[in-house]
Amino acid sequence: MKPPLLRSPDGLVAGVCGGLALHLGLRLRVVRVLMVLLALAGGAGVFLYAWLWIFVPMASDRLAAPLRFVPPAPTLKAPPAPALFLPAATAPPSPATPHPPSAPSEPGNAAPPVAGAFLRPGRRTGGRLHPGRKELLLGVALLLLAGVFLAQELGFAVSLRQVLPVAAAGVGAVLAWSQLDDARREGLRNKAGADRAAGLARLLLGLVLVMVGVLVMVSGAISWDLTWATLLATGAVLAGVALVLAPWALRFWKDFEDERAGRVREAARAEIAAHLHDSVLQTLALIQNRAGSEQDVVRLARAQERELRHWLYADPAGHSGNLTERLRALAGEVEDSYGHPVEVVAVGDAPLTAGQEALAQAAREAIINAAKHAGGTVSVYLEAGPSGSEAFIRDRGPGFDPLAVPADRLGIRESITTRMQRHGGAATIRSGPDGTEVHLKMPEQENRSHDG
Amino acid sequence: MTDEPVPNNPPSTVSVVVVDDHAIFRSGLRSDLDSRIRVVGEAATVEAAVAVVRARRPDVVLLDVHLPGGRGAGGAEVIAGCGDLGGSTRFLALSVSDSAEDVVAVIRAGARGYVTKTISGAGISDAVFRIASGDAVFSPRLAGFVLDAFGTAAVASTGTELDRLSARELEVMRLIARGYSYKEVAKELFISVKTVETHVSAVLRKLQLSSRHELTRWAAERRLL
């Protein structure tokens, strides 16, 4: 299959030759030499190059295009490989240009490349001109200068009055056209404000240079009076045209903005789809496999619910290292291992000091006991604040007599009561026919004591 | 103390409208409900819900917090749309959501209670009877939200102050957050179940009417209001 005609992102001038070489299956050098020969043949090559420059899209433009049709999750697994221009295939890869990300091959990686297509311009804004391009432009300018001098030496009367306006107009045109190229390249990406200002400055500078150049050229031939009159007429005509085209331009701009917003939405949706695919769909598949075992199904569903809740509602500020988060994580572990739901209600929060960690560990033991011996739902209530924290672990099992527990059972005494006392806290256990409740209390002051 | 009319006997049958956008959940709920509860209508969107509730005038509406349609406000919008029906129709919010934003929005819109969708059939039937007789239904999680919003130390000098919880209300909320049923709360505090219900109703009213600045800030932190 022939690769599509796209401009290479790391070409010398605009990547036309590189794209042409790949498209035609020729060597890059051959295409370049042909182009130069054509350019010498009456400038045909220059026109061909300019024509291709304008009408052939950049590889990076095309890269972003398939995004519009990204289907939801399941098909993300194997998206149609977007038609990528791969510079590595022919031209030597330039370190300044990151390669287009390869097609996502596994579901877990589905989201990053999508985001990558949007984030890429950030890396490029620094060096607008490619390494070779600056030298090339300088070389062309010097060659032109040499040509002018040579013409003067040979006897042609080339005055600066004639050359400077032409040069000014030329430079202005180049500036304006390079702006178009960049605008097209960055059209579908998020442009930073500074970028836009720079582009505008470039456009204005180009406009002024061209106008001044043309004016100076024209004013040599006709009188100033006529020039001013013509200028006025031209201005009036341009204003009229602008008036007519304004609604169309505005609509075009609105469509463009809509499309960009749509792309951002699409990216967010792709991320959500990827997450759901990784988590929820996998769990649903597992649940279908284990439909026979009620306990497995409940366990899977609860674990998935916890994971999804965390993803949806977790505080973006991040409370990692706090007591609430710690207790929730421990409760989740117990829930996973014993298959009984553990409902955690937390009020307030506290930093996870040694004392609060002891409380969390003691609470974990109490939750395990409840899950193991009582079954059913375990209710955990945590109230934390600057003065200390309290936790209640309640189950609805048949209950037991705390005093009748044999002395060799370390569970309650060692891991709950003694642990709390060691850190200056207290644990009380109430048990009755309605269930058991473990009350843990840890004041905040004596939390830097030794840990056993 | 009891400034709200609380009927002594729960009505023998209660008519309900089930509003949820999942047909599977609606039919599951229908079969789980007590035989004394009559489902007189179902709806899946905000507009359909308002229409059905207005046509049927049920005692209780079981209302999903998240609903398609309308202006996107879900269950709260249904309650607002039925605001002129007076106190004859009461709303019980059902949700899988954990976010304080959703729960408090629907309570402040006027729902008389909030339970999670994982509740058992007996549990939801009990909650429906309780709502129908004018009481409020608090799940442990909602009690936790209340304690978080009003603070666990702020104590009102009188029971009627809107911006704070009284000492007794605080105790009741704590016990509910710990997973106690109303009956167990009553036993624990040596008061009657009726008194517990009064306290819970008072807390619900405060949650709905309070303009207390901590509540505003608390809600704003969770992107509400």
Notebook entry, point to check: Within the distance-only criterion (no hydrogens, no angle test), does the side chain of B/Gln208 pair as donor or acceptor with the backbone N or O of B/Ile107 below 3.5 angstrom?
Noted result: yes
Notebook entry, point to check: Counting a contact as any heavy-atom pair under 4.5 Å apart, which residues of residues 177-185 of chain B contact chain A?
Noted result: B/Ala177, B/Arg178, B/Gly179, B/Tyr180, B/Ser181, B/Glu184
Item checked: Heavy-atom contact with chain B under 4.5 Å, split by part of A/Val378 -> neither
Check: Taking only residues two or more places apart in sequence, or in another chain, which ones meet A/Leu284 in a side-chain contact (heavy atoms from CB on, under 4.5 Å)?
Finding: A/Val280, A/Leu281
Notebook entry, point to check: Within a strict 4.5 Å, meaning less than it, do heavy atoms of the B/Glu169 and B/Lys206 side chains meet?
Noted result: yes
Notebook entry, point to check: Is B/Lys117 positioned over the aromatic face of B/Phe25, cation under 6.0 angstrom from the ring centre and no more than 45 degrees off axis?
Noted result: yes
Item checked: Side-chain donor/acceptor of B/Glu42 to backbone N/O of B/Val18, under 3.5 Å -> no
Item checked: Residue that, paired with B/Ser125, satisfies side-chain contact (heavy atoms from CB on, under 4.5 Å) out of B/Leu33, B/Asp32, B/Val14 -> B/Leu33
